[in-house]
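Labels below follow one simple rule: chain letters A, B, ... track the order of the sequence lines, proteins then strands, and each chain is numbered from 1. In this text the structure is predicted, and so the values were computed from the model without any measurement.
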Amino acid sequence: MEGREGRTSLDEIQVEEDHWGPGAEPIVLTWLAEHYDENTMPRLIVGNVEGREGVWLLGWRNEGTPFPGLLATIFGDEYAQAQLDRIDALIQEAKDIPPGSFGQGRL
Amino acid sequence: MNTGWEQALEVQGQLLKQITGPFWREMGAAWLGNRQDKYGRHAMLPSAHAFSVAADVVAEAEPIFVTAEMLDLTRSAMETFDPTETVHPEDFFLYTGMALLEEPFVALDAAGLETAWRCVTWRYVDLPPEASPDHELVPSLEIVLWWDINDNDGWDEAHPDEIDAARMFYRSWGMRWAVMHATLVPLDFMSKPEHMGNEGDPAASWMTFIRVFNRLMQERIVLKTRMRPHRAVRRSAQRDGLAEIRDVVVCELRRARPRGYEWPETGDGQAHYSHRFMVRGHWRNQWYPSLQRHRQKFIPAYIKGPDDAPLLEKKRVWVWDR
């Protein structure tokens with residue numbers, strides 16, 4: 001997935017529920033349609049995923065703005081923190097791969 | 001059954017047929033459950049991924065037939081290949097391949113028993129950044145090693161009951177090709193021996209084989225010829241489910257005399273070789289300005305002897321040229 005500069009229609013955007021949480025897609029898309037204002041809010045970050053069609057929502061560029069992260073803006077701090085903790089745990093799990101995990105075992 | 005290079009397409013069809021058949025899920029569940037019991041969840045999950053994409057990988061793969069001579073060259077080149085060299089996407093000659101070996105590849109397991117597999121399928125993929133602590137794409141390979149249950153190896157003698165039972169199960173499922181190993185490996189891990197070895201092949205020769213084979217395929221000494229199988233073979237593969245029938249890539253040693261090749265002088269001015277033989281080959285750690293890094297390059301062996309003579313297995317001198 002690569003961040004992308006440029007214009008993307010909201011209709012094109014898809015939401016990766018592994019990242020945003022189960023059932024998040026309709027909530028996120030509805031929120032964007034009803035509340036998102038590109039003139040006053042941070043720019044959205046979207047990306048392409050190898051092997052998948054469409055563009056996927058990553059977040060928004062809120063550094064230096066009064067806005068919290070997009071996840072927290074839509075779902076609130078508590079939910080956002082829980083999601084981030086979950087993702088951190090997954091990443092940590094992926095980092096701590098025991099030796100031999102990819103090796104050929106005995107049948 | 002075909003006995004030559006056309007087998008590659010035939011086997012590709014057989015693999016697809018058994019993967020899309022009624023018992024693949026049952027076999028996979030048993031296989032993955034066994035792997036999780038023995039080696040834990042971390043070892044099972046990459047295998048589960050490889051099982052889940054196996055049909056796509058086989059269907060997309062370029063069928064390759066690896067002659068016994070090519071296999072011999074690969075094994076010889078493996079002896080001095082440095083497996084700790086960092087792996088890059090361009091190391092793979094084919095991003096999606098199915099290599100059928102004319103003879104089984106034999107490795108030693110942790111008990112010193114020979115284990116044999118005959119076919120390998122692989123596909124290069126970029127995993128999404130969620131899989132990475134650095135939030136970057138993760139270049140990886142989906143790999144399955146296939147054991148032809150008609151092949152014998154060291155386990156037949158050491159564990160005849162176990163092997164008989166395994167063969168019986170696979171036959172009852174209508175499968176000739178048993179999964180010897182299945183995994184999804186990020187390229188970053190391929191150069192880390194501690195992650196690539198396990199009881200079935202502690203030296204991780206299966207991984208080195210895939211790497212060296214792909215590297216040799218980029219070399220001139222290896223002749224890659226696309227061959228169209230006979231119509232009956234193509235139709236049979238179509239019936240097995242292959243939507244796109246590709247020509248078979250036959251990999252063999254180049255038989256034309258290489259540049260600089262000189263027949264040795266003899267008394268009557270004639271060469272009298274009854275065999276072909278490799279004189280020497282080695283890996284050179286060469287700087288690639290375009291890549292801005294060193295990379296092992298295979299300096300091919302000389303091959304001497306008449307083109308139609310058999311290749312003689314001889315002990316060679318391989319050197320590391322740094």
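Shown here are the ring-ring contact (aromatic ring centres under 6.0 Å, His included) partners of A:W60, two or more places apart in sequence or in another chain: A:F67. By the ring-ring contact (aromatic ring centres under 6.0 Å, His included) test, B:Y124 is found to be paired with B:Y95, residues two or more places apart in sequence or in another chain being considered.
In this structure, B:R41 CZ and A:S101 OG are separated by 11.5 Å, a value rounded to the nearest 0.5 Å.
Residue contact with chain A, scored on non-hydrogen atoms closer than 4.5 Å, involves the side chain of B:T115 exclusively. Neither the backbone nor the side chain of B:I143 has a heavy atom closer than 4.5 Å to any heavy atom of chain A.
Within the 4.5 Å cutoff, no side-chain heavy atoms of A:Q104 are placed close to those of B:D109.
Shortest non-hydrogen contact noted between A:G100 and B:R35 is O-NH2, 4.2 Å.
Checked by atom type and distance alone, the side chain of B:H181 pairs as donor or acceptor with a backbone atom of A:F102 at under 3.5 Å.
Atom CD of A:E78 has 12 or fewer neighbouring heavy atoms from other residues, nucleotides or ligands inside a 6.0 Å radius. Few gaps surround CZ on B:R167; more than 12 heavy atoms of other groups in view lie less than 6.0 Å from it. Within 6.0 Å of the CD atom in B:E26, the count of heavy atoms belonging to other residues, nucleotides or ligands exceeds 12.
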